[in-house]
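Data first, discussion second: the structure below is written as structure tokens.
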Amino acid sequence: AAALALSPLHVQLSHFYAFDIIMSFFVLAVAWFSFGIFREGGIRNDILAGVAMGLALGSKFSAMPAASMVFTAHGLRALGGGNWGGGDPSTRPKGWASLRARGRVRALWNRLGVELPGLGWACAVAILVFRTVQPYAFIAPAEQSGRMPVLGGWVLVAALGMILGL
């Protein structure tokens, strides 16, 4: 916290109240709830991560790569991560090595099937919150003349570019 508080760029952007500070706060919240997803699971962490992701995207669209934290948390949990402090270690899955040793790739699909609903909740809530706080992102420039708002193709291209890092 001290390093962030004394960082010259952070102090400058805070002084001018730039959107990067707001985005950084919500990206940090996404990281916090993603760690909660990895460690504990639960729909609460999924929904809160979705809210934080939607607010981060609503403040600045360059927060899109932060969505990878939620996907990674669910993927690592499906591979057998999480709940480090509790449970019997002999009954916990141990990742790819345990799948190969038992020859049960199907077990991975079962674990992914358990994680997908939570990931779906996080994505749906993030889209809903983003749509609520940034409604003009869904209107293409040519359609701002008073007609019904329609999801512009340029929004999808921008999102794909952010995900792929273009």
Side-chain angles (χ1 to χ4, degrees), residues 1-5 7 9-87 108-141 143-144 148-166:
L4 182 65
S7 166
L9 182 62
H10 186 77
V11 171
Q12 178 189 8
L13 292 175
S14 295
H15 177 73
F16 295 114
Y17 197 66
F19 290 106
D20 297 295
I21 303 302
I22 299 167
M23 180 197 68
S24 298
F25 172 76
F26 289 121
V27 167
L28 185 61
V30 171
W32 179 268
F33 293 121
S34 294
F35 184 71
I37 290 169
F38 171 71
R39 186 164 166 99
E40 305 161 2
I43 195 75
R44 177 183 169 272
N45 285 322
D46 290 315
I47 290 175
L48 291 173
V51 168
M53 190 68 227
L55 291 171
L57 288 173
S59 63
K60 194 167 182 186
F61 201 69
S62 62
M64 183 59 118
S68 65
M69 290 188 279
V70 179
F71 286 94
T72 303
H74 278 286
L76 290 175
R77 187 162 176 82
L79 284 174
N83 197 9
W84 294 334
L108 175 64
W109 287 109
N110 291 340
R111 291 185 209 150
L112 284 174
V114 169
E115 293 299 319
L116 282 179
L119 185 60
W121 272 105
C123 291
V125 169
I127 291 169
L128 181 68
V129 170
F130 176 69
R131 175 75 166 117
T132 303
V133 299
Q134 200 59 268
Y136 293 107
F138 289 83
I139 302 174
E143 295 161 347
Q144 292 180 359
M148 290 294 291
V150 179
L151 175 63
W154 62 274
V155 173
L156 296 176
V157 170
L160 194 62
M162 291 298 291
I163 291 171
L164 298 176
L166 302 176

Handout entry: Set of side-chain contact (heavy atoms from CB on, under 4.5 Å) partners for Thr72, sequence neighbours left out
Key = Leu76
Table please: side-chain donor-acceptor pairs of residues 51-61 below 3.5 Å, with sequence neighbours left out.
residue	atom	partner	partner atom	Å
Ser59	OG	Leu55	O	3.4
Ser59	OG	Ala56	O	2.9
Lys60	NZ	Asp20	OD1	2.5

Problem - Atom of Val30, atom of Ala49 and distance for their closest heavy-atom approach - result: CG2-O, 4.1 Å
Exercise for the section: Return the minimal non-hydrogen interatomic distance between Ser62 and Pro65, and the atom names on each side. Expected result: O-CD, 3.3 Å
Practice task
Among Ile43, Leu48, Asn45, find the residue that satisfies the side-chain contact (heavy atoms from CB on, under 4.5 Å) test when tested with Ile37.
Solution key: Asn45
Got a list of side-chain donor-acceptor pairs under 3.5 Å for residues 112-125, not counting sequence neighbours?
residue	atom	partner	partner atom	Å
Glu115	OE1	His74	ND1	2.7

Problem - Nearest-0.5 Å distance, CD1 of residue Ile47 to CG of residue Leu128 - result: 11.0 Å
Practice task
Sequence neighbours left out, what pairs pass salt bridge (Lys or Arg N to Asp or Glu O under 4.0 Å) with at least one residue falling in residues 62-74?
Solution key: none
Handout entry: Where at least one partner belongs to residues 118-129, residue pairs that pass salt bridge (Lys or Arg N to Asp or Glu O under 4.0 Å), sequence neighbours excluded
Key = none
